[in-house]
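Here's the structure we're looking at; comments come further down.
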2 protein chains.
Amino acid sequence: MLKKEKIPKVTIQRMAVYLQMLEELEEEGEEVVSSTRLAELCGVNSSQIRKDLAYFGEFGVRGVGYYVRDLIASIKHFLGIQKVWNCAIVGIGNLGRAILRYKDLSKKGYKIVGAFDCDPFKIGERVGDLEIICTRRLKEKAKDLNIKIGIITTPPNRAQRAANHIVEAGIKAIVNFAPTRIQVPDDVIVDYVDFSTHLIYLSFSLSNLGK
Amino acid sequence: MLKKEKIPKVTIQRMAVYLQMLEELEEEGEEVVSSTRLAELCGVNSSQIRKDLAYFGEFGVRGVGYYVRDLIASIKHFLGIQKVWNCAIVGIGNLGRAILRYKDLSKKGYKIVGAFDCDPFKIGERVGDLEIICTRRLKEKAKDLNIKIGIITTPPNRAQRAANHIVEAGIKAIVNFAPTRIQVPDDVIVDYVDFSTHLIYLSFSLSNLGK
DNA sequence: ATTTTTTTGTGAATTTTTTCTCAAATGGAG
DNA sequence: CTCCATTTGAGAAAAAATTCACAAAAAAAT
Ligand SMILES: NC(=O)c1ccc[n+]([C@@H]2O[C@H](COP(=O)([O-])OP(=O)(O)OC[C@H]3O[C@@H](n4cnc5c(N)ncnc54)[C@H](O)[C@@H]3O)[C@@H](O)[C@H]2O)c1
Ligand SMILES: NC(=O)c1ccc[n+]([C@@H]2O[C@H](COP(=O)([O-])OP(=O)(O)OC[C@H]3O[C@@H](n4cnc5c(N)ncnc54)[C@H](O)[C@@H]3O)[C@@H](O)[C@H]2O)c1
């Protein structure tokens, strides 16, 4: 079913958007949706959607469209989010706490099972269901808790150190919220969430309206 | 100097990364950097950097490279971030508060000047320097405070309503943290910051390692 | 039963983005 | 002053992504 062809990152990102919209449609009781309708809702071209889906297989019915429920299940399946992914947060400051309290994450298949910080005054403190643990114990905990994804929310000048701990712990995927690039071995995947990049895009666009 | 050609969004996004790295280099006392070196640090191809910069003009010296200080200034200038942009946050929950307390934002040229929520129990409460104001007063405040960017951190089912208030207030740029698409007039720019999209990319990559 | 309408899936065409190449410029060494 | 080592800027080539266009399939209408 899955073709061997490399699937572009943008396709995966759009897939996440389609999934979001499909879940909204399901909630509204829609049973079937056409690529044209979904495209409108997501702000893309309809053949974009069909091409994206074609990387993974055939999911539609000609003359009808896609069954919302089934398509959601298929997408979750091939994106690898039918099951729950255990995550650890490193750096329990403003943003780390916000993410710890972000309830909808678990609905989306991600569970924060470890909260790590290096500040002795924070270690032992409880946030929600979790106790803040010393970053040095990440390696030991990663195995016990089956942690697959590390989330960095330390200040930028500490991000590399946090990354080193995560890599040391054998975790192969990192989301980095600190606005700095980190160096990791080739077999570790890093994705950056950079708020200021988005703001910069907006300021640039505002500055160049009509040009 | 600035060519009339449309500048791709990815170029602007990479520009933000170059800027980040250049500022780190400046802090370390580096005065000159070659596109090759910068490319290595940012994890891109060196001609990518030269092509990206070419959209805006010529900034390098052949045989030498780029003067870090000057290049930073040039980039800030053409991205429109030499000046400060006033922003409003709509939805003062976990994430909204984290952003309000995010001090480095102002260093990057963005100032949160208004905090809005619709919950009567929150209105009047102080967070940092700001008092939480009723969302209905956004329009009036947007003018007084010269707000140019709206940041949505409401629950997803309230994001459209928040967007409507922002549009009503005459603000032309929105960052939406809620995991849902919003509808706005053509002259309003929306950029989405979606945490789960990043997590999905990682789970997909982990699920397909070596395929 | 046949025609019409709808909508998918996919090759082909187009557009966009990235990478390759190299002449031209610069500074330093001899 | 000439030669050599660097490195930019930009045209050409290659690769990737998007959009077009339409046959094939399914359902609805006649
Ligand atoms: N606050 C926001 O809304 C926001 C938004 C976007 C990006 N960011 C980025 O996210 C990061 C965190 O921001 P914040 O506002 O939460 O900062 P913060 O200072 O409130 O929190 C940082 C936390 O990291 C901990 N820490 C430092 N070094 C560590 C290490 N080596 N190992 C483990 N923990 C360590 C600190 O003890 C602190 O608790 C920053 O890089 C910031 O630029 C923040
Ligand atoms: N918490 C996180 O770390 C995190 C991470 C990524 C994305 N998000 C997204 O960000 C959004 C906010 O998350 P949160 O955890 O802060 O939620 P939250 O429930 O803590 O906060 C939401 C706030 O929005 C306010 N609100 C509701 N409707 C409003 C309206 N019409 N106008 C103004 N304010 C309104 C509520 O009163 C509340 O204060 C959600 O959409 C969430 O999916 C959160």
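Each chain gets a letter, A, B and so on, in the order the sequences are listed, and its residues count up from 1.
- Following rounding to the nearest Å, Tyr66(A) (OH) and dT6(C) (C1') show an atom-to-atom distance of 13 Å.
- Cation-pi geometry between Lys9(A) and Tyr201(B) is satisfied (NZ or CZ under 6.0 Å from the ring centre, within 45° of the ring normal).
- Across all strands shown, dC22(C) forms a Watson-Crick or G-U wobble pair with dG9(D), both key distances being under 3.5 Å.
- In this structure, Ser35(B) reaches the sugar-phosphate backbone alone: every heavy-atom distance under 4.0 Å involves primed, P, OP1 or OP2 atoms, never a base.
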*asked:* Would Asp194(B) and Gln13(A) count as a side chain to side chain donor-acceptor pair (under 3.5 Å) here? Give the steps.
replied: CA-CA 10 Å; Asp194(B) 192 340; Gln13(A) 292 170 332; over 6 Å; no

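- As rounded to whole Å, 14 Å separates atom C1' of dG9(C) from atom CD1 of Ile49(A).
- Between the C1' atom of dT7(D) and the CD atom of Glu58(B) lies a distance of 13 Å, rounded to the nearest Å.
- For CD of Glu31(B), the number of neighbouring non-hydrogen atoms (other residues, nucleotides, ligands) closer than 6.0 Å is 12 at most.
- Counted within 6.0 Å of NZ on Lys111(A), heavy atoms from surrounding residues, nucleotides or ligands total 12 or fewer; the atom is thus considered open.
- A cation-pi arrangement is found for Arg181(A) relative to Tyr192(A), the charged atom lying closer than 6.0 Å to the ring centre and inside a 45° cone about the ring normal.
- Counting non-hydrogen atoms of other residues, nucleotides and ligands closer than 6.0 Å to CG of Asp129(A) gives a total of 12 or fewer.
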*Which letter, B, S or -, goes with each nucleotide of nucleotides 15-22 of chain D from 5' to 3', with contact meaning a protein heavy atom under 4.0 Å?*
--SSBBB-

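- Computed from coordinates, the Leu53(A) CG to dT10(C) P distance equals 11 Å when rounded to whole Å.
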N/O contacts under 3.5 Å, protein versus nucleotides 26-29 of chain C?
| residue | atom | partner | partner atom | Å |
| --- | --- | --- | --- | --- |
| dT26(C) | O4' | Arg62(B) | O | 3.1 |

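- Looking at Asn164(B) and Gln160(B), their side chains do bring a donor and an acceptor atom within 3.5 Å of each other.
- The aromatic rings of Phe78(B) and Phe59(B) lie tilted to each other, with the angle between the two planes from 30° to 60°.
- As rounded to whole Å, 15 Å separates atom C1' of dT8(C) from atom OH of Tyr18(A).
- A side chain to side chain contact (heavy atoms under 4.5 Å, CB included) with Tyr66(A) is found for exactly one of Leu53(A), Val32(A), Val61(A), Leu38(A), namely Leu53(A).
- In this structure, Ile7(B) places its CD1 atom 11 Å from P of dT17(C), rounding to the nearest Å.
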